[in-house]
Amino acid sequence: MLDADTLEEQKHWFESGGVRESVWRPMMRWVVRRDLTMSMLGVPRSQRNQIERCYDGGLEQFIIHSLDTVFTRLSLADNYFWRVYMTGSYSASCCPEYLKEDNFNRLRDGLVDRISTHNDSVEGFLSKSKTPISHFVLLDHMDWLCNGNRQALASEWQAIVNRCTEQAKVLWRSAGLSVDFVDSLRVSTRGTQSAVGELLTYNKGLASDLHLLDRVHTYGSFYVAELNIA
């Protein structure tokens, strides 16, 4: 499948070459139902609950559908995420942009000095930073907080509001098919209490288009929004 010249050939090997049947043996179905398995894969119980609640067929069917999409609708030729999962390494033509020779040389020749790293929570970093921030990439970590620690999630969004520039961009994803725990959070802006949803303008069209192209494809939903702080 990794060497297929076309998506049709890749799909053929997945569907007709015994790959699908090999992956979804009864033992594998049993394994993916275990909480321990999901925890070891970085999927906490809160995320599993979201999938079970939203997805027809639950977690097992969600994983089956996700893998079918990866192997039959998305080309593996440039999918460096799944290449490294499957083989343990990248190739020269299938790797992250920063590892491609020209880009890596630019990083080594000085661009890497523009990067700073911090071991902290989002809220912790923002509370210590004095620099206004225009872009927030939150990945899926809010799924971990939405059920058991909503106060921490609200505090994090307060820190985002305190430190963001006007019309800052925010991006995140979730295991759930829809997220209902962000918009209802309450934050203070210029002495006035507001729901986070009142401050966000969602670009649903762009998010939907990009989600279809997601090469990892193990998340139920994706969000792109503008944070409007006047």
N79 side chain vs R215 backbone, donor-acceptor pair below 3.5 Å: yes
Answer yes or no: are there more than 12 heavy-atom neighbours, outside R186 itself, under 6.0 Å from its atom CZ? yes
Check for me, please, whether W13 and L7 land in the same ILVMFWY cluster - side-chain distances under 4.5 Å, paths through other members count. no
Residue pair H65 / E60, side-chain donor-acceptor N/O under 3.5 Å: no
E97: salt bridge (Lys or Arg N to Asp or Glu O under 4.0 Å) partners, not counting sequence neighbours: K100
R150 atom CZ, over 12 foreign heavy atoms within 6.0 Å: yes
Is the shortest heavy-atom distance from the side chain of M86 to the side chain of M1 under 4.5 Å? yes
Just how far is it from atom CD1 of I229 to atom CG of N162, taken to the nearest 0.5 Å? 9.0 Å
I'd like to know whether CG of D3 has more than 12 heavy-atom contacts from other residues, nucleotides or ligands below 6.0 angstrom. no
K128/D120 ion pair, N-O < 4.0 Å: yes
Would you please classify the geometry between the W157 ring and the W172 ring as parallel, tilted or perpendicular, with 30° and 60° separating the classes? perpendicular
Would you indicate whether the side-chain heavy atoms of F104 and Y98 approach each other to under 4.5 Å? no
Check this for me: D56, atom CG, are more than 12 non-hydrogen atoms of other residues, nucleotides or ligands nearer than 6.0 Å? no
Full working for side chain to side chain contact (heavy atoms under 4.5 Å, CB included) between M142 and V182: CA-CA 9 Å; M142 290 191 293; V182 172; 3.8 Å; yes
Is it the case that the side chains of R83 and S93 hold a donor-acceptor pair, with the cut-off being a distance below 3.5 Å and no angle test? no
Donor + acceptor pair across side chains of Y219, D143 (<3.5 Å): no
Verify side chain to side chain contact (heavy atoms under 4.5 Å, CB included) between F136 and I160, making sure each step is shown before the conclusion. CA-CA 8 Å; F136 297 83; I160 290 172; 3.9 Å; yes
Do T72 and E15 have side chains that get closer than 4.5 Å, going by heavy atoms? yes
For the residue pair F222 and H211, does the interplanar ring angle fall in the parallel (under 30°), tilted (30 to 60°) or perpendicular (over 60°) class? parallel
Once rounded to the nearest 0.5 Å, what's the spacing between atom CZ of R163 and atom CZ of F125? 9.0 Å
Heavy-atom distance under 4.5 Å between the side chains of Q193 and V187, does that happen here? no
